[in-house]
Amino acid sequence: MVQEHTITPLFLSESAVSKVRELVEEEGNENLKFRVFVTGGGSGFQYGFSLDKVQDDEDAVIQKDGMSLLVDPMSYQYLVGAMVDYQEGLQGAQFVLHNPNASSTCGFVSSFTI
């Protein structure tokens with residue numbers, strides 16, 4: 001059984017929702033969901049973003065404006081209170097995560113330490 005969490009560990013900006021909707025439409029598969037995850041890397045952790053067809057039973061599911069965001073249990077603890085945004089600027093267009101739990105970040109807000 002898939003769990004639907006009522007507590008929102010992660011927030012999506014309007015620009016992130018809009019971009020995810022655009023990507024899902026480009027793929028032509030309305031069942032795709034936006035996954036945000038944390039992986040170990042170098043001297044800390046890294047954020048990852050993907051479109052996923054599979055929703056695991058343990059995933060937290062956050063709904064916003066018809067879009068589904070998935071977070072696996074390991075990543076969930078690091079992402080509580082974070083905001084996913086989509087920005088376009090001089091460095092290009094990208095999803096970024098603003099995480100109040102990260103003690104330091106490097107690069108384009110894709111790596112962090114706790």
Side-chain angles (χ1 to χ4, degrees):
M1 181 172 156
V2 175
Q3 282 186 308
E4 299 269 340
H5 290 270
T6 55
I7 298 171
T8 304
L10 194 59
F11 301 92
L12 286 161
S13 71
E14 292 300 321
S15 61
V17 170
S18 179
K19 185 60 179 180
V20 170
R21 182 174 287 115
E22 179 183 317
L23 293 170
V24 168
E25 288 173 1
E26 284 177 12
E27 291 293 320
N29 183 351
E30 293 179 8
N31 296 320
L32 290 174
K33 295 161 180 54
F34 187 60
R35 182 175 293 280
V36 178
F37 55 93
V38 174
T39 59
S43 61
F45 298 95
Q46 293 186 330
Y47 302 119
F49 306 98
S50 66
L51 290 177
D52 204 334
K53 297 177 198 171
V54 179
Q55 178 179 325
D56 296 327
D57 290 345
E58 302 85 28
D59 285 338
V61 180
I62 295 99
Q63 300 283 335
K64 181 165 181 183
D65 297 335
M67 295 289 105
S68 295
L69 174 99
L70 305 177
V71 181
D72 65 87
M74 192 284 296
S75 300
Y76 184 98
Q77 62 189 326
Y78 298 109
L79 298 174
V80 173
M83 166 71 80
V84 177
D85 195 12
Y86 182 76
Q87 299 177 345
E88 295 181 9
L90 295 175
Q91 288 116 359
Q94 62 190 346
F95 286 101
V96 294
L97 204 131
H98 305 283
N99 190 343
N101 304 308
S103 61
S104 65
T105 60
C106 63
F108 298 105
V109 198
S110 62
S111 328
F112 68 101
T113 58
I114 298 288

**Q** Can you confirm whether Glu30 is buried at CD, in the sense that more than 12 heavy atoms of other residues, nucleotides or ligands lie under 6.0 Å from that atom?
**A**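 At most 12 heavy atoms, drawn from other residues, nucleotides or ligands, come within 6.0 Å of this atom.
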**Q** Heavy atoms only: give me the nearest Asp52-Arg35 pair and the separation to one decimal.
**A**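 Shortest heavy-atom separation between Asp52 and Arg35 comes out as OD2-NE, 2.7 Å.
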**Q** Search all heavy atoms of Ser13 against all heavy atoms of Tyr86 and return the closest pair with its distance.
**A**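 Smallest heavy-atom distance, with atoms named: OG-N, 3.9 Å.
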**Q** Are Val61 and Phe37 connected in the hydrophobic side-chain network, where two residues link if heavy atoms are under 4.5 Å apart?
**A**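 Different clusters: Val61 never reaches Phe37 through Ile, Leu, Val, Met, Phe, Trp or Tyr contacts under 4.5 Å.
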**Q** Should the pair Phe34 and Phe95 be assigned to parallel (<30°), tilted (30 to 60°) or perpendicular (>60°) ring geometry?
**A**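 Phe34 vs Phe95 ring planes: tilted.
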**Q** Testing the basics here: between Leu70 and Val54, what is the closest heavy-atom pair and its distance to 0.1 Å?
**A**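 So the two residues come closest at CD1-O, 3.8 Å.
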**Q** Using the test side-chain hydrogen bond (donor to acceptor under 3.5 Å, both in side chains), find all partners of Asn31 that sit at least two apart in sequence or belong to another chain.
**A**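 With sequence neighbours excluded, Asn31 shows a side-chain hydrogen bond (donor to acceptor under 3.5 Å, both in side chains) to no residue whatsoever.
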**Q** Please give me the minimum heavy-atom distance between Ser75 and Val36, naming the atom from each residue.
**A**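 Closest pair (atom of Ser75, atom of Val36, distance): CB-O, 4.4 Å.
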**Q** Give the minimum heavy-atom separation between His98 and Val96, together with the two atoms involved.
**A**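 Answer, listing the atom of His98 first, then Val96: NE2-CG2, 3.6 Å.
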**Q** Going by side-chain contact (heavy atoms from CB on, under 4.5 Å), name the residues that satisfy it together with Glu14, two or more places apart in sequence or in a different chain.
**A**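 Only Lys64, Asp65 meet the side-chain contact (heavy atoms from CB on, under 4.5 Å) criterion with Glu14.
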**Q** Hey, what do you get for CG (Leu97) to CG (Leu79), rounding to the nearest 0.5 Å?
**A**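 Leu97 atom CG to Leu79 atom CG measures 6.0 Å (nearest 0.5 Å).
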**Q** With a 3.5 Å distance limit and no angle check, can you tell me whether Ser15 reaches the backbone of Asp85 through a side-chain donor-acceptor pair?
**A**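 Judged by distance alone, no pair lies under 3.5 Å.
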